[in-house]
Amino acid sequence: MAKARILPRKFYLDPPDVVARGLLGKLLVREYETGSGARKKIERLSGRIVEVEAYFGLDDPAAHAFAGKTVRNAVLFGPPGFAYVYFIYGMHFCLNFSCEAEGHGAGVLLRALEPVEGLETMARMRGLAPHANPKLLTSGPGRLCQALGIVRETHNGIDVTRADSGLYVENDRHGPVDVAVSRRIGIRKAAERPLRFTIAGNRFVSG
DNA sequence: GGAGCGATGTCCT
DNA sequence: GGACATCGCTCCG
């Protein structure tokens, strides 16, 4: 098995549709310390990215960045390769990565993963039985955040090109993927634009 | 298996 | 005050 590499800053410099396509088939990794003293160890959770959506900034009525820079969406207007985590519907978090050069406000929303490492921990985080249907773990933007323990307070604004962030994307040289394009989900404005990208036929795609 | 709907916090008008 | 890049429950077939 080839050595996995963390996706570098330049990967995120492209427009969001290009970054979105490029993320499909890559591994989203969450690492954190557990235990203390001699029992301290690193736990690793991961999932293969199977569904993403692209959001252009000021040109895209559906994007959080459309109305301009605010305290909430500031990360999107910063440099590429940072996590934008926001709270939605009073209950859920959603994870995005900033892309394009600073000032554009573009981003990619992560909508679904195929769970790879740490399924039992993910089930616990989701409040499910240890061997629950794996599709319930990370199929959906709110679900994948809960499964990986991603919350705004901790993760909004962190650099996802650094291993020590505890949240990053690896290229583990998984084979090429067959990309399907469709309309973005759960939005009202600019809903017709074909900016949702999935791995064709993958059973962990949401919706 | 699908439609309908309530829960619930934060941000912007 | 309303909208919101969601989820899981109920009810009906």
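Numbers restart at 1 for each chain; the letters A, B, ... are given by sequence-line order, proteins then strands.
Pair assignment for B:dC11: C:dG2, on the basis of Watson-Crick or G-U wobble contacts that are both within less than 3.5 Å. Searching all strands for a Watson-Crick or G-U wobble partner of C:dC12 with both distances below 3.5 Å returns B:dG1.
We find that CD of A:Glu153 is positioned 14 Å from C1' of B:dG9, with the value rounded to whole Å. What separates CG of A:Leu128 from C1' of C:dG8 is a distance of 11 Å, to the nearest Å. Atom CG in A:Asp17 sits roughly 20 Å away from atom P in C:dA5 (whole-Å rounding). For A:Arg152 and C:dA5, the CZ to C1' distance is 15 Å, given to the nearest whole Å. At whole-Å resolution of the value, CZ in A:Arg183 and P in C:dA5 are 16 Å apart. Regarding A:Arg184, its CZ atom lies at a distance of 13 Å from the P atom of C:dC4, rounded to whole Å. If you measure from atom CG of A:Asn156 to atom P of B:dT10, you get 14 Å, rounded to the nearest angstrom. The distance from atom CG of A:Leu136 to atom C1' of C:dT6 is 14 Å, rounded to the nearest whole Å.
Heavy-atom nearest nucleotides on DNA chain C were determined for A:Val108 and for A:Arg143, and the one closer to the 5' end corresponds to A:Val108. Residues A:Lys189 and A:Gly142 both approach DNA chain C. Their nearest nucleotides, taken by heavy-atom distance, put A:Lys189 toward the 5′ side. Between A:Phe87 and A:Asn73, the residue anchored nearer the 5' end of DNA chain B, judged by the nucleotide with its closest heavy atom, is A:Phe87.
A distance-only check finds a donor-acceptor pair linking the side chain of A:Ser139 to the backbone of A:Phe204 [under 3.5 Å]. A side-chain donor-acceptor contact under 3.5 Å links A:Glu53 to the backbone of A:Ile185. The closest donor-acceptor contact from the side chain of A:Arg48 to the backbone of A:Gly25 lies under 3.5 Å. A donor-acceptor pair under 3.5 Å is formed between the side chain of A:Glu51 and the backbone N or O of A:Ser206.
Residue A:Arg196 places none of its side-chain N or O atoms closer than 4.0 Å to OP1 or OP2 of C:dA5. One finds a side-chain N or O of A:Arg126 lying less than 4.0 angstrom from the OP1 or OP2 phosphate oxygen of C:dG8. Between B:dC12 and A:Arg72, no contact under 4.0 Å exists linking OP1 or OP2 to a side-chain N or O. Of the side-chain N and O atoms in A:Thr70, one or more sit less than 4.0 angstrom from OP1 or OP2 of B:dC12.
Nearest heavy-atom pair, A:Val169 versus A:Tyr12, reported as atom, atom and distance to 0.1 Å: CG2-OH, 3.5 Å. When all heavy atoms of A:Arg184 and A:Asp60 are compared, the pair lying nearest together is NH1-OD2, 2.7 Å.
The side-chain heavy atoms of A:Leu136 and A:Arg143, taken from C-beta on, include a pair separated by under 4.5 Å.
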What's touching nucleotides 2-8 of chain B from the protein side, N or O pairs under 3.5 Å?
| unit_1 | atom_1 | unit_2 | atom_2 | d |
| --- | --- | --- | --- | --- |
| B:dT8 | O2 | A:Tyr89 | O | 2.1 |

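Between A:Phe87 and A:Phe93, the ring planes are tilted. Angles from 30° to 60° get that label.
Residue A:Ala62 is in base contact, counting any heavy-atom pair closer than 4.0 Å across all strands shown.
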